[in-house]
Every structure is written in structure tokens, then in C-alpha cells.
Amino acid sequence: MSVTVRFSDFWHTSRPTIDRFLIPLIESVYQNEILVENNPKKRVDLEVFSVFPPKRNLSRRALNRFSKFTFETSQLMEERVLYNSRKTMWFTGENKRAPIGNQFDTYLGFEPEGLIPNLHYLPLWVLNFDHFGKGTPHGFTSVLTTQDQLLLARKFKKIRKDKFCCAFLGNPTSFRVGILKNLIDIGPVGLYGSAFGNKVSDKSLVSSDYKFSFAFENNLYPGYITEKLLEAYLANTVPLYWGIDSSGYFNKDAFINFGEFNSLEEFVNIVRELNSDKDRYIATYEQPLLNHKFDIDGLVTKLRNDLL
């Protein structure tokens, strides 16, 4: 018997994530065919909510932007959950906190497990792998890999990397720009992305000539790790990163994490030393990225416990 599912409040380019990850994930949970229902008036077996409600007015847009859940919007979502579906799931790829209260039967996000009942850790970088044979659900690079490959050391290719560092920014905060200004003291930094009017469709094609990639997260929260660190590594560079890997998935020796230093000066000095010392650079470059794999089968088991 098929299972009816509706996806609500998703972003406008979410089809790859839905088709290549969420639907196969839900199929693995229910072990049945999934039928997607788009009519909001029809009751479904499962409704999956993301964090982009319709932008009906300026106040709602501001609410979504700053991740504020008011009592009013909480009631609106609770009403939808109550009358439209038998079971509910909350999903975010953004650094947004899960709604307070038991509005949903299960949650997928960046929060550490245990803070909210039925909340399960699903960092965005996990969606850069083809878990279900449907294609890669997310990412901005043509380079494909597996978690098993990232557990192994990579070999430094004897190609000329004569460029220092590249950066891809869509959100040029003063913090990020300030870091880049200091890195320019070491060498020229290639600036790409909408923030600089220089968008690229495939980061790996641009990054291959550079020794380092600037891969700072948009903001800081324990466990909030997107595609940035992974894509910088896959582009055959040493990532210059800023983020908190609270679950210990990533090998700290494979990248330079700004958050591990006591000052900006100390961070810049280490990057300068690595840039000028070929042996140290290669030793860092050849480190495996992952310490251990994300357990997708374990996630399926947890969701079965919540939904079945």
C-alpha cells in the first residue's frame, strides 16, 4: 500500500533534495511506494515541513529571515499539522532552531540529539552524497565521492598550484570580508560568487588552481556544518574553515579551522607558514577528511521508531 506525503514550506529550488534524498529516505522508513500529494486540503500520511513559509507580508518575511517563531505562527503551523496529516516531520538545511513544543512527530536538523524528543542530527553536508542511488541531492560542485573514500588519505598530485586562495561568497558579512583582507597580505585571493558579481556554477573547476579555499560557514552553531568544508576539500585544496564540528565527524588535521585559534593574527600566521612550507602543506593536504561516516541506516531506524 502506498504512503501519501506532502512537502510544505520548502525553498523554490528544493526538488533535488526532495526527489533524491527525502523521498527515498521516507521510502526506506515506510518500505512502501511514496505518492506525493500537493493539494493542501487533502489529508496525507506524512507531511514534511521546512522553514520557508509563504511570504505573505513584510512581517512574515522578517520573521523567517531572523528565525523567530512567535506564538501566532506556532499556532498556525500546529493547526496545519493537526488537520492535514497523520504524522509530521520538520526538516531544515538552514541554521534555524527547531520549534518549541511537541508539534512534530520527528525533527531533522542541526541541533544536538537529546535537546528535543525525536530530534535527529542531519547536517547539510550529508546531502552531498548519493545515499539511495538517485543522484547527489545537494551541492555546487561536479566532483562526486563517497564517505568511504573520504576516510582514506588523498594523494597530492604533482601539479603546479601557483595561486594562493579562492573564496566563494554570497553573503559578504563584515566578519568574512575582514578575514579575507588579512589573508590578502599573504597572497592574492580570487573572489567569486554573487557578492562579487562573479558567480560560478562549479566551484571545483575554479578552485583546482588554488592551494587554499576560504570555507567559512554563514554563522556559528555547534553541529552546523554545510557543504562548504566538503566542497573545498573535494576541489583539491586545503580548506580554511570556520565552524563547530561538535560530533567529531571531520579530521581536524585536514583543514585549518579559524575557531581553533586564539586570535586572527595567529590564524593568519599559520596559513602563511603552511603556504610557504611545501612539505607541511602536502602533509595537511593528504589527510583524510572524515573520522567516521554518517550512519544513514541508523537515521532510518530512528525515523521508523518515530513514525511507525
Side-chain angles (χ1 to χ4, degrees), residues 1-11 14-54 63-64 67-124 126-127 131-132 134 137-138 221-224 246-247 294-308:
M1 184 177 178
S2 60
V3 176
T4 54
V5 179
R6 180 165 47 248
F7 296 92
S8 300
D9 298 344
F10 275 72
W11 60 102
S14 61
R15 287 315 314 179
T17 299
I18 291 174
D19 293 341
R20 300 175 187 175
F21 184 80
L22 288 174
I23 289 178
L25 176 68
I26 296 167
E27 284 178 336
S28 298
V29 171
Y30 284 92
Q31 296 184 318
N32 277 302
E33 179 188 8
I34 299 300
L35 294 180
V36 176
E37 175 58 64
N38 295 316
N39 186 346
K41 295 183 179 180
K42 288 189 177 181
R43 187 171 176 82
V44 294
D45 296 308
L46 174 68
E47 186 155 11
V48 184
F49 291 88
S50 192
V51 295
F52 297 91
L63 180 70
N64 182 59
S67 308
K68 303 293 187 182
F69 283 87
T70 65
F71 178 72
E72 179 184 4
T73 54
S74 175
Q75 279 190 319
L76 285 172
M77 183 165 287
E78 186 170 359
E79 183 179 346
R80 292 177 64 183
V81 169
L82 214 64
Y83 293 105
N84 287 349
S85 58
R86 295 175 181 86
K87 294 286 184 175
T88 57
M89 175 188 293
W90 184 86
F91 166 82
T92 182
E94 300 292 322
N95 187 15
K96 297 194 177 186
R97 310 283 67 79
I100 298 173
N102 297 320
Q103 296 182 43
F104 299 88
D105 294 292
T106 193
Y107 300 78
L108 299 175
F110 292 102
E111 302 280 1
E113 297 205 28
L115 291 181
I116 297 176
N118 300 336
L119 186 147
H120 309 298
Y121 183 55
L122 181 64
L124 189 59
V126 173
L127 273 64
H131 297 282
F132 302 102
K134 303 291 185 180
H138 181 267
Y221 191 82
Y224 176 62
S246 56
S247 297
F294 182 87
D295 185 4
I296 196 71
D297 293 329
L299 177 61
V300 169
T301 298
K302 293 172 183 177
L303 292 176
R304 283 178 183 159
N305 293 334
D306 294 345
L307 298 173
L308 301 185

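Note that the numbering runs from 1 along the sequence shown for the chain. From a predicted model like this one, the values you see are computed outputs, not experimental measurements.
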**OP:** Identify the two heavy atoms, one from G223 and one from P123, that lie closest to each other, and give their separation to 0.1 Å.
**Re:** O-CB, 4.2 Å
**OP:** For D9 and S50, test the side chains for any donor-to-acceptor distance below 3.5 angstrom and give the result as yes or no.
**Re:** no
Original post:
Would you say H131's side chain and L25's backbone share a donor-acceptor pair under 3.5 angstrom?
Top reply: no
Original post:
Parallel under 30°, tilted from 30 to 60°, perpendicular over 60°: which one fits the rings of F49 and F104?
Top reply: perpendicular
**OP:** For I296 and F21, run side-chain contact (heavy atoms from CB on, under 4.5 Å): C-alpha distance rounded to whole Å, both residues' side-chain angles, the deciding distance at 0.1 Å, then the answer.
**Re:** CA-CA 11 Å; I296 196 71; F21 184 80; 3.9 Å; yes
Original post:
What is the distance from atom CD of E27 to atom CD of E33, rounded to the nearest 0.5 Å?
Top reply: 7.5 Å
Original post:
After noting the C-alpha distance and the side-chain angles of V48 and I26, does the key distance pass the side-chain contact (heavy atoms from CB on, under 4.5 Å) rule?
Top reply: CA-CA 10 Å; V48 184; I26 296 167; 3.9 Å; yes
**OP:** Considering only NZ, NE, NH1 and NH2 on the basic side and carboxylate oxygens on the acidic side, decide whether R6 and E37 come within less than 4.0 Å.
**Re:** no
Subject >> Euclidean distance, Y224 OH relative to E94 CD, rounded to 0.5 Å >> reply: 6.0 Å
Original post:
Hey, what do you get for CG (L108) to OG1 (T92), rounding to the nearest 0.5 Å?
Top reply: 10.0 Å
Original post:
Nearest 0.5 Å, what's the CZ-CZ distance between F10 and R15?
Top reply: 9.5 Å
Original post:
How long is the gap from CG on L122 to CG on L127, to the nearest 0.5 Å?
Top reply: 6.0 Å
**OP:** Measure from the side-chain N and O atoms of N118 to the backbone N and O of D105, and report whether any donor-acceptor pair falls under 3.5 Å.
**Re:** yes
Original post:
If you look at every heavy atom in N84 and E47, which pair is closest and at what distance?
Top reply: CB-OE1, 3.3 Å
Original post:
Under a 4.5 Å cut-off applied to non-hydrogen side-chain atoms, are D306 and H120 in contact?
Top reply: yes
Original post:
Is there side-chain contact between V5 and L22, with heavy atoms separated by less than 4.5 Å?
Top reply: no
Original post:
Taking atom CG of D45 and atom CE of M1, what is their separation to the nearest 0.5 Å?
Top reply: 6.5 Å
Original post:
What heavy-atom pair brings Q103 and P99 nearest, and what distance separates the two atoms?
Top reply: NE2-CB, 3.9 Å
Subject >> Closest contact, heavy atoms only, W90 versus A98 >> reply: CH2-CA, 3.5 Å
Original post:
Are the side chains of F132 and I23 in touch, meaning some heavy atoms are under 4.5 Å apart?
Top reply: no
Original post:
What closest approach, in Å, do W11 and S14 show between heavy atoms, and which atom pair accounts for it?
Top reply: O-OG, 2.8 Å
**OP:** Measure from the side-chain N and O atoms of R97 to the backbone N and O of E111, and report whether any donor-acceptor pair falls under 3.5 Å.
**Re:** no
**OP:** Write down the atom of Y121, the atom of S247, and the distance for their closest heavy-atom approach.
**Re:** CE2-OG, 3.6 Å
Original post:
Checking N32 side chain against S2 main chain: does a donor-acceptor pair fall under 3.5 Å?
Top reply: no
